[in-house]
A.B. asks: 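My questions all concern the structure below.
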Amino acid sequence: MAATIAALCTISAEESSTVLLSTMSARLSAMAPYRIEFEVSAPDAGSSRGSMVVDSMRYSIEIEGERLFSDGRLRYGISAAEQTVTIDAVDPYNRNLLENPAEGFNFDAALFGSTILSRDQKSIVMELVPAAGVLDAVDRVELIISSETLLPRRIAYDIGGTILTIDILNIGHVVLPAESFIFKPADYKDYDVVSFVD
């Protein structure tokens, strides 16, 4: 009897986590285009602040003078320090928030196992286990969302025991100029351009 009750509780928790993840994703989509201000940190690497803007499959990330943005088809990495532009194709299956923000909060049930670890009036803490090949080198993901808004507050990647943490400092709708995700070669005429696309 106890085993049956425990099994039912586990199933209920899994269903609830799936609903919560789906709701979070839907609220982010409804907010688009949205801007996230964040702080990323890792042991022995310190911390850095940055921001990202997401509009459907288009996005832009900026961290300490480095910029990565996509028009939905190609991805452009801009390094002001090295005076380089790197161009490659977008990997639509990449779920890493810092590499593909358009899919960074897409925790499809077919790709991630999910469990609620704890919840209170302020936060819901969830553990996500990616299927093989979904998040390279990532063993598990811890996601914290607001109990009130159901929007993300923290995401932490466990990479072989090393934890990469992204704290969400602010998130909200933003109005963008039409050219926000357009690569303009004239703006980088003094940069070395390296392209991995035909």
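Since the model is a prediction, treat every value here as computed from it, not as a measurement.
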A.B. asks: Counting only pairs under 3.5 Å, give me each side-chain donor-acceptor contact of residues 26-36, with atom names and distances, residues two or more places apart or in other chains.
C.D. replies:
{"unit_1": "R27", "atom_1": "NH1", "unit_2": "T149", "atom_2": "O", "d": "2.6"}
{"unit_1": "S29", "atom_1": "OG", "unit_2": "S25", "atom_2": "O", "d": "3.1"}

A.B. asks: List the steps, then state whether side chain to side chain contact (heavy atoms under 4.5 Å, CB included) holds for K122 with R153.
C.D. replies: CA-CA 11 Å; K122 292 183 178 181; R153 297 178 59 187; 4.3 Å; yes

A.B. asks: Which residues pass the side chain to side chain contact (heavy atoms under 4.5 Å, CB included) test with T165, not counting sequence neighbours?
C.D. replies: S41, R154, A156, I163, D167

A.B. asks: Kindly compute the distance separating CG (L21) from OG (S16), expressed to the nearest 0.5 Å.
C.D. replies: 10.5 Å

A.B. asks: Residues two or more places apart in sequence or in another chain: which of them pass salt bridge (Lys or Arg N to Asp or Glu O under 4.0 Å) with R73?
C.D. replies: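 With sequence neighbours excluded, R73 shows a salt bridge (Lys or Arg N to Asp or Glu O under 4.0 Å) to no residue whatsoever.
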
A.B. asks: Would a distance-only check, ignoring hydrogens and angles, find a side-chain to backbone donor-acceptor pair under 3.5 Å from S114 to S17?
C.D. replies: no

A.B. asks: Suppose clustering is done on Ile, Leu, Val, Met, Phe, Trp and Tyr with side-chain heavy atoms closer than 4.5 Å. Which residues sit in the same group as V194?
C.D. replies: F196

A.B. asks: Kindly give the heavy-atom pair with the smallest separation between P152 and I145, and that separation in Å.
C.D. replies: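 So the minimum-distance heavy-atom pair works out to CA-CG2, 4.0 Å.
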
A.B. asks: Quick one: does any side-chain atom of R95 pair with a main-chain N or O of Y93 as donor and acceptor, under 3.5 Å?
C.D. replies: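 Yes, the answer is positive, given that a donor and an acceptor are paired below the 3.5 Å cut-off.
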
A.B. asks: For the atom pair CG (D139) and CG (D158), what is the distance rounded to the nearest 0.5 Å?
C.D. replies: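 Here the interatomic distance stands at 5.0 Å.
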
A.B. asks: Would a hydrophobic clustering, with Ile, Leu, Val, Met, Phe, Trp and Tyr connected at side-chain separations under 4.5 Å, put M126 with I166?
C.D. replies: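 Same cluster: M126 reaches I166 through Ile, Leu, Val, Met, Phe, Trp or Tyr contacts under 4.5 Å.
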
A.B. asks: Side-chain heavy atoms under 4.5 angstrom apart, residues restricted to Ile, Leu, Val, Met, Phe, Trp, Tyr: same cluster for V134 and V90?
C.D. replies: no

A.B. asks: Taking transitive links into account, so neighbours of neighbours count too, which hydrophobic residues share a cluster with I182 at under 4.5 Å side-chain distance?
C.D. replies: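 None; I182 is a cluster of one.
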
A.B. asks: At their closest point, which heavy atom of I116 faces which heavy atom of R119, and how far apart are they?
C.D. replies: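 Heavy atoms of I116 and R119 come nearest at CD1-NH1, 3.7 Å.
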
A.B. asks: Test of understanding: with salt bridge (Lys or Arg N to Asp or Glu O under 4.0 Å), list the residues that count as partners of E82, not counting sequence neighbours.
C.D. replies: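 Salt bridge (Lys or Arg N to Asp or Glu O under 4.0 Å) list for E82, sorted by chain: empty.
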
A.B. asks: Are more than 12 heavy atoms, taken from residues, nucleotides or ligands other than E179, located less than 6.0 Å from that residue's CD atom?
C.D. replies: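 More than 12 within 6.0 Å, yes.
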
A.B. asks: Measuring from L68:CG to I61:CD1, what's the distance to the nearest 0.5 Å?
C.D. replies: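 Result: 5.0 Å between the selected atoms.
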
A.B. asks: Just how far is it from atom CE of M57 to atom CG of D71, taken to the nearest 0.5 Å?
C.D. replies: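 Answer rounded to 0.5 Å: 11.0 Å.
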
A.B. asks: Tell me whether T115 contacts the main-chain N or O of E127 through its side chain, where contact means a donor paired with an acceptor under 3.5 Å.
C.D. replies: no

A.B. asks: Got a sec, which residues hit salt bridge (Lys or Arg N to Asp or Glu O under 4.0 Å) with E66, two or more places apart in sequence or on another chain?
C.D. replies: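 With sequence neighbours excluded, E66 shows a salt bridge (Lys or Arg N to Asp or Glu O under 4.0 Å) to no residue whatsoever.
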
A.B. asks: Taking M24 as the starting point, is it possible to reach L97 by hopping between hydrophobic residues whose side chains are less than 4.5 Å apart?
C.D. replies: yes

A.B. asks: Say you draw a straight line from CG of D136 to CD1 of I159; how long is it, rounded to the nearest 0.5 Å?
C.D. replies: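 Those atoms lie 10.5 Å apart.
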
A.B. asks: Just how far is it from atom CD1 of I168 to atom CD of E39, taken to the nearest 0.5 Å?
C.D. replies: 11.0 Å

A.B. asks: Apply side chain to side chain contact (heavy atoms under 4.5 Å, CB included) to K189 and list each qualifying residue two or more places apart in sequence or on a separate chain.
C.D. replies: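 For K189, no residue satisfies side chain to side chain contact (heavy atoms under 4.5 Å, CB included) once neighbours in sequence are set aside.
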
A.B. asks: Output the rest of the hydrophobic cluster of L176: all Ile, Leu, Val, Met, Phe, Trp and Tyr residues reachable through side-chain heavy-atom contacts under 4.5 Å, sorted by chain and number.
C.D. replies: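 Besides L176, the hydrophobic cluster comprises V53, V174, F181, listed by chain and residue number.
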
A.B. asks: To which residues is Y191 joined in a hydrophobic cluster, defined by side-chain heavy-atom contacts under 4.5 Å among Ile, Leu, Val, Met, Phe, Trp and Tyr, whether direct or through other members?
C.D. replies: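 F69, L74, Y76, I78, V85, I87, F183, Y188, V193, V197, listed by chain and number.
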
A.B. asks: Would you mind writing out the side-chain donor-acceptor pairs for residues 99-113 within the sub-3.5 Å range, not counting sequence neighbours?
C.D. replies:
{"unit_1": "E99", "atom_1": "OE1", "unit_2": "N94", "atom_2": "ND2", "d": "2.8"}
{"unit_1": "N100", "atom_1": "ND2", "unit_2": "D91", "atom_2": "O", "d": "3.3"}
{"unit_1": "N100", "atom_1": "ND2", "unit_2": "N94", "atom_2": "O", "d": "3.1"}
{"unit_1": "E103", "atom_1": "OE1", "unit_2": "N106", "atom_2": "ND2", "d": "2.7"}
{"unit_1": "N106", "atom_1": "OD1", "unit_2": "D108", "atom_2": "N", "d": "3.4"}
{"unit_1": "D108", "atom_1": "OD1", "unit_2": "A110", "atom_2": "N", "d": "2.7"}

A.B. asks: Could you list the residues that satisfy salt bridge (Lys or Arg N to Asp or Glu O under 4.0 Å) with D88, not counting sequence neighbours?
C.D. replies: R75

A.B. asks: Please say yes or no: joined through hydrophobic side-chain contacts below 4.5 Å, possibly via intermediate residues, are L128 and L98 part of one cluster?
C.D. replies: yes

A.B. asks: Please check if I155 and V125 belong to a single hydrophobic cluster, counting links between Ile, Leu, Val, Met, Phe, Trp and Tyr side chain heavy atoms closer than 4.5 Å.
C.D. replies: no

